[in-house]
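Encoded as structure tokens, the structure appears first; notes follow it.
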Amino acid sequence: MQGAEAMVYSDASMRPVSSWGRLGAEPHDVVELTDRTAIAAAVTGRSGIAHGLGRSYGDACLNPNGLLWRTAGLDRLISFDQATGRLVCEAGVVLRDISRLMIPRGWNLAVVPGTQFVTVGGAIANDVHGKNHHVVGTFGEHVTRLKLIRTSGETIECGPDERPALFGATIGGLGLTGLITEVELQLRPSRGPWLEVETVPFSGLSGFFSLSDESEAAWEHTVSWIDCTSGSALRGLFMRARPAEGRSGRRWRGRMRRVPLTPPVSLVNGLSLKPFNALYYELGKRKTGVQVVHYEPFLFPLDSVLEWNRLYGPKGFYQYQSVVPRAEAFDATRDMLTAIAGAGEGSFLAVLKTFADRPAAGLLSFAREGVTLALDFRTSRALPALFSRLDDIVRAAGGRLYPAKDARMPRDFYQAGYPNLAAFTALRDPGMSSGMSRRLMGF
Ligand SMILES: Cc1cc2nc3c(=O)[nH]c(=O)nc-3n(C[C@H](O)[C@H](O)[C@H](O)COP(=O)(O)OP(=O)(O)OC[C@H]3O[C@@H](n4cnc5c(N)ncnc54)[C@H](O)[C@@H]3O)c2cc1C
């Protein structure tokens, strides 16, 4: 499948751009890329960073007062081999489009994050994970080849067996090794859009750990929601799913709603947190037992409310996503949840999940053996002190934070969590620079 050719143009006027956390909207010189044959001309000799759909929460996809190459126009599928499941596409293709097109053909992406509104290039640059990490690992494990254009003007093809060092730096490489233009992906056989889903309420962290251990062999997707206001009496809902063999559920209409405006203050606050979490838990408990559900509402529960990030008001919000080794996870997670509840902060959707012990696909990949905790926080004066406390806990446990969700981690903490940074730096494209790279790497 080859699409029509289009143009590359530069809008000379600066435009405000924000990422998913909406913490600011600094001016950017935005260049829309729409034709992969013209990318070299747009990139050569310049300095900037690629921007997919801006679903990263912080500054990984931003370059305040500098150049941003928007890739969403690079949206063509180039070829597909029905027999092998090999798909070649441009880097701006959105994951939702691949799934919707491929599932009826008996194939699907192996890894999808918690939103489908992510480009292939963005999924590679953050080496994203899904709810099935224990089965298939991260997105980068399913990339068989990619094409990069560097700011030197060079076009480089790489893959697991061709220039593997550069390939490993590009997987999870935050867009800093060059602009990914074209990608070959190995899809996974799919049995269709339906999942058998079970929701199991649990109490205490030990409840979470025993459900994780018990579920991983038989359930492809596992994730749990926790009530982060419940403190030491932790409660949550463990959700597990697997392909529904030859069964189909109620028709999924895929209706979208949109948050129509940004409220003047965050609707997520001390007053709303407890009642929302209590209601979510009670509603979730009613869903216990096995149901057959379409994959979209299960895997992407937030995608049905477009622009839900506006609920946090004009000051935006942070996400804090950590991973700590399994051996330290019980104590570290307990301490983090106690600190969060003690600060009166937290989110509607706090997520806890285990990662399997697999070799990382990229030099800077986030996912590692252990337990990951992710929470959103409205912007408040109490946050810096709370984040420092959480950093101390994660660092002492030998863990790290996820750059895709980060807008504030200190540089020394990043360096401690990502020991391959020096090897990565040697492979960087010196022209690629983002707000995050300057904050965490110095350039
Ligand atoms: C609701 C929600 C749920 C999420 N759930 C998960 C989850 O479960 N698991 C998970 O891992 N992540 C999750 N994320 C994070 C998201 O998957 C990543 O931030 C992803 O990278 C966003 O992709 P994007 O296309 O929007 O890229 P952007 O956010 O625009 O960019 C991300 C990075 O990719 C680089 N990049 C983009 N395109 C290219 C290219 N063509 N060449 C080189 N570099 C490029 C950018 O420079 C930047 O460093 C979630 C985000 C949201 C909003």
Side-chain angles (χ1 to χ4, degrees), residues 17-22 28 30 33 36 39 43 48-63 67-75 89-96 111-133 137-140 143 146-151 169-183 221 223 299-309 317 319 321 323 347 349 351 353 355 361-362 364-367 372 374 376 402-407 428-429 432-437 440:
V17 179
S18 49
S19 61
W20 195 247
R22 302 178 81 247
H28 287 75
V30 181
L33 301 176
R36 71 182 180 285
I39 296 171
V43 166
I49 197 74
H51 182 97
L53 289 182
R55 256 38 181 206
S56 298
Y57 283 62
D59 48 3
C61 58
L62 298 177
N63 185 24
L67 193 58
L68 211 59
W69 292 289
R70 272 202 41 160
T71 62
L74 300 170
D75 57 358
C89 66
E90 292 181 345
V93 171
V94 177
L95 303 190
R96 184 172 78 155
V111 175
V112 285
T115 171
Q116 302 192 84
F117 297 115
V118 161
T119 62
V120 168
I124 293 172
N126 274 318
D127 194 17
V128 301
H129 56 272
K131 298 175 177 63
N132 57 356
H133 182 268
T138 58
F139 197 90
V143 177
L146 56 82
K147 203 181 272 184
L148 270 181
I149 296 192
R150 311 258 286 184
T151 56
T170 302
I171 305 293
L174 303 170
L176 298 170
T177 61
L179 201 135
I180 306 165
T181 61
E182 215 179 288
V183 178
H221 304 279
V223 67
L299 294 177
F300 318 110
L302 292 171
D303 278 358
S304 58
V305 185
L306 296 174
E307 297 189 68
W308 61 262
N309 52 348
F317 68 112
Q319 184 166 114
Q321 182 167 2
V323 59
S347 61
L349 294 173
V351 172
K353 150 134 203 77
F355 285 150
L364 297 184
S365 292
F366 163 70
T372 182
D376 294 338
Y402 190 9
K405 309 289 181 71
D406 179 64
R428 258 183 80 169
D429 176 337
M432 291 295 176
S433 178
S434 63
M436 175 169 277
S437 73
L440 296 179

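Whatever order the structure lists them in is the order used to number ligands and atoms, beginning at 1. As a basis for the values below, the full set of heavy atoms in this structure was taken, side chains included, without hydrogen atoms, waters or symmetry mates.
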Heavy atoms only: which of Ala125, Gly178, Gly121 is nearest to atom 43 (C) of ligand 1? Gly178
Distance filter under 4.0 Å to Ile49 heavy atoms, resulting ligand 1 atoms: 47 (O)
Before we go on, tell me: are the rings of Phe317 and Trp308 under 6.0 Å apart, centre to centre? yes
Is there any N or O on Pro113 that sits under 3.5 Å from an N or O of ligand 1? no
I need the atoms of ligand 1 closer than 4.0 Å to a non-hydrogen atom of Ala91, numbered in the order shown. 41 (N)
Which one holds for Phe300 and ligand 1: side chain close, backbone close, both close, or neither close, with close meaning a heavy atom under 4.0 Å? neither
Only heavy atoms count here, so choose which of Ala404, Gly114, Cys61, Ser434 is nearest to atom 31 (O) of ligand 1. Cys61
For Tyr402, the atoms of ligand 1 under 4.0 Å from one of its heavy atoms are 10 (C), 11 (O), 12 (N)
Of all the atoms in ligand 1, which lie at a distance below 4.0 Å from a heavy atom belonging to Trp20? 53 (C)
Just going by heavy-atom distances, which of Thr115, Leu179, Thr71 is nearest to atom 52 (C) of ligand 1? Thr115
Considering Val94, Leu53, Thr177, which one's heavy-atom position lies nearest to atom 24 (P) of ligand 1? Leu53
Are any of the N/O atoms in His129 less than 3.5 Å from those in ligand 1? yes
Is the shortest heavy-atom distance from the side chain of Phe139 to the side chain of Leu95 under 4.5 Å? yes
Just wondering, do Ser56 and Met436 contact through their side chains at under 4.5 Å, heavy atoms? no
Could you tell me the separation between the OG1 atom of Thr138 and the CG atom of Asn126, rounded to the nearest 0.5 Å? 11.5 Å
To the closest 0.5 Å, what do you measure between NZ (Lys131) and NE2 (His221)? 8.5 Å
Taking all non-hydrogen atoms of both residues into account, name the closest pair between Leu148 and Thr177 and its distance. CD1-O, 3.6 Å
